[in-house]
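The block underneath contains the structure these notes are about, expressed in structure tokens.
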Amino acid sequence: MTLAALAGEEEVCTRCPLYRNATQAVPGEGPRGARVMVVGEQPGDLEDRSGRPFVGPAGRLLDKALTKVHLPREQCFVTNAVKHFKFEPRGKRRLHKRPDAGEIDACRWWLEQERALVAPGLVVAMGATAIRGVLGRAEPVSELRGRLLDLDQGAKFIATIHPSFLLRLKGEEDKQREWARFLSDLEIAAEWARAGDMPADAPGS
Ligand code: URA
């Protein structure tokens with residue numbers, strides 16, 4: 001199975017009702033064999049139209065953060081816990097609606113398949129939906145974030161906030177503080193990725 005073939009299967013998915021109103025499924029994107037898999041919530045309006053994950057405002061912030069910690073997005077497999085955009089029509093606009101537990105659990109099937117194909121050593125879950133998608137159960141971001149945890153099959157896991165949380169913050173002080181915390185969570189992922197790139201006898205390994 002290739003990632004392209006998997007994307008083709010995701011496109012015709014009817015495992016939950018979200019396919020009915022979305023433009024298309026948005027598969028994960030990035031190299032097969034990426035050491036780090038970054039998981040978001042679900043495609044937004046722009047992602048739904050373009051068919052690519054994290055190309056809107058939250059994606060730009062994610063790109064900026066990954067660049068800042070020297071973990072380039074191109075080296076990561078970037079995906080979502082839910083592959084179809086869930087929204088509520090409001091006039092000409094489509095307002096984001098959070099996927100429910102049943103939708104996240106139905107879509108775990110695809111997340112697991114992506115994980116099996118890419119086989120990342122570390123999965124970064126951004127926000128509560130991603131945590132449920134990856135772990136298969138609800139856990140608060142605040143309790144998990146900021147440390148490397150063991151996932152199954154020898155892989156590691158780290159949780160952090162979703163970048164759109166940062167976009168919703170109003171106060172400058174809150175924004176700065178939460179941005180710094182987000183970067184420090186991602187820095188742990190970046191350090192893990194760099195450590196794996198070093199030869200076993202390198203200093204500091
Ligand atoms: N938010 C997400 O969780 N995923 C995207 O692809 C875009 C915004």
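Here, residue 1 is the first one in the sequence, and each next residue gets the next number. Read the numbers this way: they start at 1 and go in the same order the structure lists the ligands and their atoms.
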Does Leu18 sit in a hydrophobic cluster with other residues, and if so which ones, taking ILVMFWY side chains as linked at heavy-atom separations under 4.5 Å, directly or through other members? Val82, Ile104
In terms of heavy-atom contacts, Lys97 and Gln42 come closest through O-NE2, 2.8 Å
Considering non-hydrogen atoms of the protein only, which is the closest contact for atom 4 (N) of ligand 1, and what is the distance? Asn80 OD1, 2.7 Å
Taking C-beta and beyond as the side chain, do Val141 and Phe165 meet within less than 4.5 Å on heavy atoms? no
Counting heavy atoms under 4.0 Å, the part of Glu41 that contacts ligand 1 is both
Establish, yes or no, whether the cationic atom of Lys64 lies under 6.0 Å from the six-membered ring centre of Trp179 and within 45° of the ring axis. yes
Tell me which part of His162 gets within contact of ligand 1: side chain, backbone, both or neither, using heavy atoms under 4.0 Å. side chain
Can you tell me which residue and heavy atom of the protein come closest to atom 2 (C) of ligand 1, and the distance to 0.1 Å? Gln42 O, 3.0 Å
Which of the numbered atoms in ligand 1 are under 4.0 angstrom from any heavy atom belonging to Gly40? 3 (O)
Does some side-chain heavy atom of Phe77 sit less than 4.5 Å from a side-chain heavy atom of Pro120? no
At a 4.0 Å threshold, what atoms of ligand 1 neighbour a non-hydrogen atom of Pro53? 6 (O)
